[in-house]
Structure formats: C-alpha cells, structure tokens
Amino acid sequence: LVECLARMHQRRTLRSWVVTRNRLGNWRKNGTQPFCFSAEPTMDDIRRLQAEFTAERDWNQFHQPRSLLLALVGEVGELSELFQWRPDATEGLPGWTEAERERLEHELSDVLIYLLELAEKCRVDLPRAVLCKMALNRAKYPAGRVRGSARKYTEYKD
C-alpha cells in the first residue's frame, strides 16, 4: 500500500489529477462547474458519528463484519428499487420530485454509513485504499487504450 501511494504521489497529486480530469471534459453539458461534495463532514467524521450512535444504543454486539455486510447489501437493494423502473434516470435526475430525491439521499446515506462502519470493523483505511485502487485501475485501463470502451481489461489485446 505504501509503495502504491508513493508511486501515485510521484506521478501527480490527487488534486492535480482531478484538475486534469476536468480539463479532459468532465464538465456538465450546460457548462457549469462539476459536482463536488461538501468538505465536511469528512469520512472519518461520519465514521465517528456512527460509532457514537452505535455505542449509545449498545449495538456493537450486533455490528460484526458479516452482519454489516448483509445490512449494506440490503441498503443497496433499497437504493436499487429507486432506479428499477426509471429509464429516465440521467445525470442530475431532472425528472425526479423533491420527495424522490430525498429518499435517494436517505438510501445513499444508509449505504455510506454501513460501508464506513464495515471498513472500520475490518480495519480498512478507505481513503488510502481508494488511492491505491485508482492507481491499479490506471495501470489496467490506460486512457489512450480504453477511451470510449466499456470492455473489461482482460478483453484488450496488446
């Protein structure tokens, strides 16, 4: 992991990667700035809030990795239901009502909360793991070779 992160930092910082990505066309079609998350709360803030919530209710006894994974899968199922019969679900969800968007926010939040708690119980530092995984994906899917294709990396010929 440390070696992977070091290679990534040698090539470029995460911030410069995002700026490059935006210059390559990751702007919304109407010319507005790309979507970005709020700076706060951080993933660790959310993890701590959930840990406090769980401890206050004495639920740690139920929150073992297997149980958290099954809860996460259940929440992903509930999230999937929101999109199941919606062929119009394009970026920005233009046809969705406020109530539908609020339900989406709730389900996405449930997924994130369980994911972060599962990572905590498994002792996985998600931000570092994401950086490493992105570096691996860059090696498997070089932009010049895979641009515009949805094929798996094993399907590309040298």
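These numbers come from the heavy atoms of this one structure, side chains and all, not from hydrogens, waters or symmetry mates.
- Once rounded to the nearest 0.5 Å, the distance linking CD1 of I46 with OG of S109 reads 8.0 Å.
- Annotation: the span from H63 atom NE2 to K121 atom NZ amounts to 8.0 Å, rounded to 0.5 Å.
- Checked by atom type and distance alone, the side chain of T54 pairs as donor or acceptor with a backbone atom of Q50 at under 3.5 Å.
- Criterion: ILVMFWY side-chain heavy atoms under 4.5 Å apart, direct or through other members. Under it, L116 and L70 are not part of a common hydrophobic cluster.
- Put simply, V124 and V111 are part of the same group of oily side chains (I, L, V, M, F, W, Y) that touch within less than 4.5 Å, one to the next.
- A continuous path of Ile, Leu, Val, Met, Phe, Trp and Tyr side chains, each step under 4.5 Å between heavy atoms, connects L108 with L69, placing both in one hydrophobic cluster.
- Under a cut-off of 6.0 angstrom, the local environment of CD in E98 is sparse, with at most 12 non-hydrogen atoms contributed by other residues, nucleotides or ligands.
- If you check the side chains of S80 and Q84, you find no donor sitting under 3.5 Å from an acceptor.
- No more than 12 heavy-atom neighbours from other residues, nucleotides or ligands sit within 6.0 angstrom of CD on E40.
- Across all non-hydrogen atoms, the minimal contact from E100 to G95 is OE1-O, 4.2 Å.
- To the nearest 0.5 Å, atoms NE2 (H106) and CZ (R103) are separated by 10.5 Å.
- Residues meeting the side-chain contact (heavy atoms from CB on, under 4.5 Å) test with D58, sequence neighbours left out: Q61.
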Q.
Walk me through whether Y114 and V76 qualify under side chain to side chain contact (heavy atoms under 4.5 Å, CB included).
A. CA-CA 10 Å; Y114 278 122; V76 169; over 6 Å; no
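- A single hydrophobic cluster is seen to contain both L115 and V73, as judged by linkage of ILVMFWY side chains at heavy-atom distances under 4.5 Å, directly or through other members.
- A salt bridge is absent between R57 and E52; no separation between the charged side-chain nitrogens and carboxylate oxygens falls under 4.0 Å.
- Distance CG/L118 to CD/Q64: 11.0 Å, rounded to 0.5 Å.
- One distance of note links OG of S149 with OH of Y141; it measures 9.5 Å at 0.5 Å rounding.
- Taking the six-membered ring where tryptophan is involved, the planes of F35 and F37 are perpendicular, since the angle between them exceeds 60° and thus also 30°.
- Other residues, nucleotides and ligands contribute more than 12 heavy atoms inside 6.0 Å of the CZ atom of R151.
- The backbone N or O of E107 sits nowhere less than 3.5 Å from a side-chain atom of D110 that would complete a donor-acceptor pair.
- Separating the CZ atom in R47 from the CD1 atom in I113 is a distance of 13.5 Å, to the nearest 0.5 Å.
- In the hydrophobic clustering of ILVMFWY residues, with side-chain heavy atoms under 4.5 Å counting as a link, L72 and L82 come out together.
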